[in-house]
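Some notes on the structure that comes next.
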Amino acid sequence: MRLAPGTVPNELIDVLMDGETHRLETLCNTMIYSKEQIIRAAVKLADHGLMDRHSEPGEYRLSERGLIQVRSGFRIKSGPTRAHGKIRRQHDTFRVRAWKAMRVLGIFTLGEVIAAAERGEADPGYNLRHYMRVLIKAGYVIDLPSKVVGTKPTSPGFKRFRLIKNTGALAPVYRPRQKVLFDFNTGTEIAIGEAVPCL
Amino acid sequence: MRDVFVETENVRKFLGSLADLEHRGAKEACMMVVDGKPGLGKTSLMARWQAQNDAVYIRAEVGWDGGMFIHNLLRELGEEPPRAKAKRYERVIEILFEKWHAAQIARRPFGWIVDECDLVAGKREVMETIRGISDALQIPTILVGMGTLRDIIKRYPQIESRAPRRVRFEPATQEDVRALIEGRCEVAVAPDLVEFVHRASGGFNREVVEAIGYIERFGHRLDDIGEGVTVADMAGQVIMHNRNTGSAVAVPGAY
């Protein structure tokens, strides 16, 4: 019969929760599981940092940190032991496409980038203005002094931008919680503060 | 001006050739030459196509040799070039294959684009490197350049035979100009002005877009443009600049 994830490790925790050292032979006699199952469960506890690996062979005891954790209710569940710590790469988002278009165009207006990158998004202009502000703050893009003349009577014109830091094919991403721009190409983070749309 | 990409006859030709490439008989004939005069929309199309399809894009520079080409291509692929020359080539093949494979799974077109290829087309080493990569992977290889690219490639029969599909960007037809104006211009334009823009621009997209800017500026100032801005409305107004002389082109009084 297939056991639910964490069944044997959690039962092992219940036995070891007294804080004493238990020998493998004793555990085999007191628990209903095989020797291999108990060893695998012990490895699982060690992976979670509940048990020290440097105890004597065949002797199992929870570490001090493990004892605190299990007494406060910690139990083994299915899934990874901890967050993988890597930053998720974005694939085929509007910003990724916009970055690709910027690299080809070199000097561009927001409109030119939108025309190349949009795919029926609700408001690509708003999204791109945010992203452009972040790139300008991080020193990836500069706005040029000359503007494209606007067409409406009161239009101040359209800003022209230039990509000056073309670090590679992967689009840098803004991480709003940390308020940084992370560049996958260089592996660097640039602190930039709150992102507001550029005008 | 609206920020939209307008599909013209040249765009349709390019996409048609690309689809044709997928169903080719000889698998090694996977190269495509895209050429035409400046200002016909090649770079705009390449910017859009590569952004939409996650294609690989590299812009060739004057003075590149085979080694520099591979070095820059690896950088483009997001990889720090290894020290060994053979390893660099291997990595290019591996990464391009991975990207092509991912595109196949996602069922989207894939290719790699060498823009401004005429700058390196005279260098046998670079062209043979491109052919080598193309042969090894047999994925669409798009060589983009100006009008003379095809003529230069004729020097290399082994490359020319692998690039039977040629997309020559032609000046926009009147229908294209109408589509461009309808798609991008925020004010309505009458057919006579569309016809004038087509004739004055010589079918160059760059000049048509410039004309759209002038028409919009004029149209936004009119109280009532009726069914669209006409030649008579814009009589005497500058609408674009002549690319050969640099002089302003004005709309004639009677057309």
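Reminder, nothing fancy here: chain letters follow the sequence lines and each chain counts from 1. Atom set for the values below is all heavy atoms of this structure, side chains included, hydrogens, waters and symmetry mates excluded.
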With chain A as the partner, which of [options] has the greatest number of non-hydrogen pairs under 4.5 Å?
options	answer
B:Glu76, B:Gln52, B:Glu79	B:Gln52
B:Glu80, B:Arg59, B:Met1, B:Arg48	B:Arg48
B:Arg221, B:Arg75, B:Gln50, B:Met46	B:Gln50

B:Arg243 to B:Phe204, cation-pi by 6.0 Å centre distance and 45° axis angle | yes

Against chain A, label B:Ala106 side chain, backbone, both or neither, depending on which of its atoms sit under 4.5 Å from a heavy atom there.
-> neither

Pick one of side chain, backbone, both or neither for B:Glu186, based on which atoms fall under 4.5 Å of a heavy atom in chain A.
-> side chain

With a 4.0 Å cut-off, would you call [X] and [Y] a salt bridge?
X	Y	result
A:Glu121	A:Arg97	yes
B:Arg184	B:Asp3	no
A:Asp143	A:Arg133	no

Spacing of A:Lys159 atom NZ and A:Leu110 atom CG [to the nearest 0.5 Å] = 9.0 Å

Verify the neighbour count for atom NZ of A:Lys165: are there more than 12 heavy atoms of other residues, nucleotides or ligands below 6.0 Å?
-> yes

Going by atom types alone, do [X] and [Y] pair a side-chain donor with an acceptor below 3.5 Å?
X	Y	value
B:Glu207	B:Ser201	no
B:Asp192	B:Thr230	no
A:His22	A:Glu59	no

Under a 4.5 Å heavy-atom criterion, the part of residues 111-118 of chain B in contact with chain A comprises none

According to the interplanar angle, ranging from 0 to 90°, do the rings of A:Phe184 and A:Phe182 count as parallel (below 30°), tilted (30 to 60°) or perpendicular (above 60°)?
-> perpendicular

Using the ring of each side chain (for Trp, its six-membered ring), is B:Trp64 parallel, tilted or perpendicular to B:Phe69, with breaks at 30° and 60°?
-> perpendicular

Looking at chain B, which one of [options] has the largest number of heavy-atom pairs inside 4.5 Å, strictly under?
options	result
A:Leu105, A:Asn185, A:Val149	A:Val149
A:Ala101, A:Ala115, A:Ala98	A:Ala115
A:Gly125, A:Gly168, A:Pro153, A:Pro124	A:Pro153

Considering only heavy atoms, which portion of A:Val148 lies under 4.5 Å from any heavy atom of chain B: side chain, backbone, both, or neither?
-> neither

So which part of A:Ala117 gets closer than 4.5 Å to some heavy atom of chain B, the side chain, the backbone, both or neither?
-> backbone

